[in-house]
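Structure first, then comments.
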Protein chains: 2
Amino acid sequence: MDIDSVSPPGPRPTLRERKKQRTREALVDTALRLFTQRDFDSVTLDELCDRVEVSKRTFFRTFASKEEVAMAPYEDMWKAFIAELETRPVDAKRSILQVLQDAVLAAMRTMNTGDWAHRLLSCTRLAGRTPAIEAHCLYFCGVTVRAALDVLHRRFGLDPHDLRPRLALDILAAAFHRALETWADRPQDPTVEHLATDTLAAFAAIPGSLTLTGVAPANQGG
Amino acid sequence: MDIDSVSPPGPRPTLRERKKQRTREALVDTALRLFTQRDFDSVTLDELCDRVEVSKRTFFRTFASKEEVAMAPYEDMWKAFIAELETRPVDAKRSILQVLQDAVLAAMRTMNTGDWAHRLLSCTRLAGRTPAIEAHCLYFCGVTVRAALDVLHRRFGLDPHDLRPRLALDILAAAFHRALETWADRPQDPTVEHLATDTLAAFAAIPGSLTLTGVAPANQGG
DNA sequence: CACCACCTTGCCACTGAGTGGCGTTTGCTT
DNA sequence: AAGCAAACGCCACTCAGTGGCAAGGTGGTG
């Protein structure tokens with residue numbers, strides 16, 4: 001539950017922590033590779049732990065569930081989002097939703113190390129075809145939204161009984177998930193900047209989604 | 001995955017199906033009672049099956065998981081929502097979001113039999129304090145949204161690449177979940193009409209959530 | 001360098017969810 | 001009444017996840 005993988009705290013961490021971090025990265029890497037080559041369900045934790053040469057007990061000291069290791073890159077980004085939200089300037093001229101958009105864009109750009117984008121692509125596609133992973137992903141997103149709501153209340157002087165900030169966060173999550181979907185369908189190599197572009201496009205579609213109307217096809221059914 | 005519990009198809013179903021239905025209702029009732037009295041995790045399926053005098057094998061022929069039996073009332077309503085959406089008139093003067101609101105209100109009113117409201121209250125509160133149930137609930141909602149999107153594309157002549165219908169559905173889901181939260185906090189006895197009121201209130205808050213701005217508290221942090 | 005304290009790991013045994021196979025019961029049909 | 005198919009119960013099994021305890025590595029101290 002700690003966020004030591006997001007922002008290195010200046011002085012290099014102790015050897016013990018670096019080892020822990022290496023184990024964590026090896027687990028994520030190997031897990032994403034195995035889950036992608038075969039199926040999430042057909043890869044047992046025993047097999048994964050054998051490959052990384054780690055005991056199952058250690059696995060569960062690093063991740064809370066089999067799903068969590070697959071969604072680590074996604075979760076890391078949401079943790080960075082919370083951190084970003086803590087430092088955004090409060091400006092009455094910029095709507096909450098715009099501030100949230102700024103924060104999510106800034107968060108994904110802080111992840112621009114190594115090939116985080118490749119890992120995020122893997123776990124996004126994995127989530128798209130594995131119910132258990134998708135469920136875990138949505139739950140984690142819900143927890144993050146509640147944490148972000150606390151930050152909004154504390155820093156932006158909002159009424160805790162007002163539904164609107166919470167709805168704004170839900171809409172942010174929806175837009176970001178749509179962006180991920182679009183981005184994961186791109187044929188080229190995944191980059192953070194493409195993801196940013198798709199995120200902006202999803203946000204831009206929000207106002208129209210409230211007023212959009214339909215037209216009956218030629219053969220009107222019912 | 002069938003929806004035989006939602007709308008009785010005129011002629012009374014066969015005895016075999018009525019028995020199946022009784023078993024299903026007994027399982028839901030007993031499960032909600034046990035999960036509420038104690039904890040979701042501390043009630044084993046063996047215990048639940050003993051109480052209902054049903055084999056564990058039969059349980060898994062009726063529900064796909066331990067979480068599903070707890071969320072049955074919630075899932076039934078979403079199934080009714082899909083059915084409603086199939087029959088809503090197509091009117092270019094009414095926005096998609098308004099149509100969705102109509103459908104969800106109509107769906108909850110079709111559930112107005114027995115004490116569905118009480119069961120929904122139980123499972124809403126359960127979902128609020130049980131991660132595994134909340135995750136399953138969000139996943140099921142996601143599946144429903146995709147099914148609803150198909151209906152929109154087919155009946156309302158929308159472009160499959162347009163993000164707006166999908167965002168409208170995500171916003172609907174968010175508003176309904178906020179309504180459920182508000183409703184589950186009411187001290188009085190739960191009724192469908194109160195839920196409808198809270199749903200309308202949540203929908204009414206949507207436009208404002210896009211434009212809401214914050215103000216820094218006295219001690220501006222950051 | 002030696003030693004101790006502590007954090008981390010590995011091993012073992014265990015619980016409980018979920019699945020497949022198969023023989024038996026029960027409701028439907030003619 | 002007899003035959004059929006659906007549903008059920010029982011059994012054995014896999015695998016995720018947990019608790020306890022002993023062993024090994026790490027950091028700090030004299």
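Excluded from the calculations below are hydrogen atoms, water molecules and symmetry mates; all remaining heavy atoms, backbone and side chain alike, are included. What you are looking at is a predicted structure, and each value in this text was computed from that prediction instead of being measured.
- Here the P atom of nucleotide D:dG17 and the NZ atom of B:Lys66 are 14 Å apart, to the nearest Å.
- Across all their heavy atoms, B:Ser209 and A:Arg164 have their closest contact at CB-O, 3.4 Å.
- Regarding B:Asp41, its CG atom lies at a distance of 18 Å from the P atom of D:dA16, rounded to whole Å.
- Here the nucleotide nearest the side chain of A:Thr58, chosen from D:dG17, C:dT9, C:dG18, is C:dT9.
- In this structure, B:Lys56 NZ and B:Glu47 CD are separated by 13.5 Å, a value rounded to the nearest 0.5 Å.
- Using a 4.5 Å heavy-atom threshold, the side chains of A:Asn112 and A:Glu193 count as separate.
- In summary, the aromatic rings of A:Trp78 and A:Phe176 are positioned with their centroids under 6.0 Å apart.
- A:Phe40 has its CZ atom 12 Å from the C1' atom of D:dC15, to the nearest Å.
- Between A:Phe35 and A:Phe40, the two ring planes are perpendicular [angle over 60°; tilted spans 30° to 60°].
- For A:Ala196 against A:Arg109, the heavy-atom pair with the smallest separation is CB-NH2, 3.6 Å.
- Here the nucleotide nearest the side chain of B:Arg61, chosen from C:dT9, D:dA16, D:dG9, is D:dG9.
- The CZ atom of B:Phe59 sits 17 Å away from the P atom of D:dA7 (whole-angstrom rounding).
- For DNA chain D, the residues of residues 45-57 of chain A within the heavy-atom distance limit of 4.0 Å (strictly under) are A:Leu45, A:Lys56, A:Arg57, sorted by number.
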Could you list the protein-to-nucleotides 23-25 of chain C atom pairs, N/O on both sides, closer than 3.5 Å?
none

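- Rounded to whole Å, the distance from CG on B:Leu27 to P on D:dC8 is 10 Å.
- When the C1' atom of C:dC14 is taken as reference, atom CZ of A:Phe60 falls 14 Å away, rounded to whole Å.
- Taking atom CZ of A:Arg18 as the reference point, atom C1' of C:dT8 lies 16 Å away to the nearest angstrom.
- Distance CD (A:Glu67) to C1' (C:dA17): 13 Å, rounded to an integer number of Å.
- Residues A:Asp170 and B:Arg178 are paired through a salt bridge, judged by an N-O separation under 4.0 Å between the basic side chain and the carboxylate.
- When distances are taken from the side chain of A:Thr44 to each of D:dA5, C:dA17, D:dA16, the shortest belongs to D:dA16.
- The shortest distance between the side-chain N/O atoms of B:Lys20 and the OP1/OP2 oxygens of D:dA7 is below 4.0 Å.
- A:Arg155 places a side-chain N or O within donor-acceptor distance of the main-chain N or O of A:Arg88, the cut-off being under 3.5 Å.
- The main-chain N or O of A:Ala127 is never found under 3.5 Å from a side-chain atom of A:Thr130 such that the two would form a donor-acceptor pair.
- Under 4.0 angstrom from either OP1 or OP2 of C:dG27 there lies at least one side-chain N or O belonging to B:Lys19.
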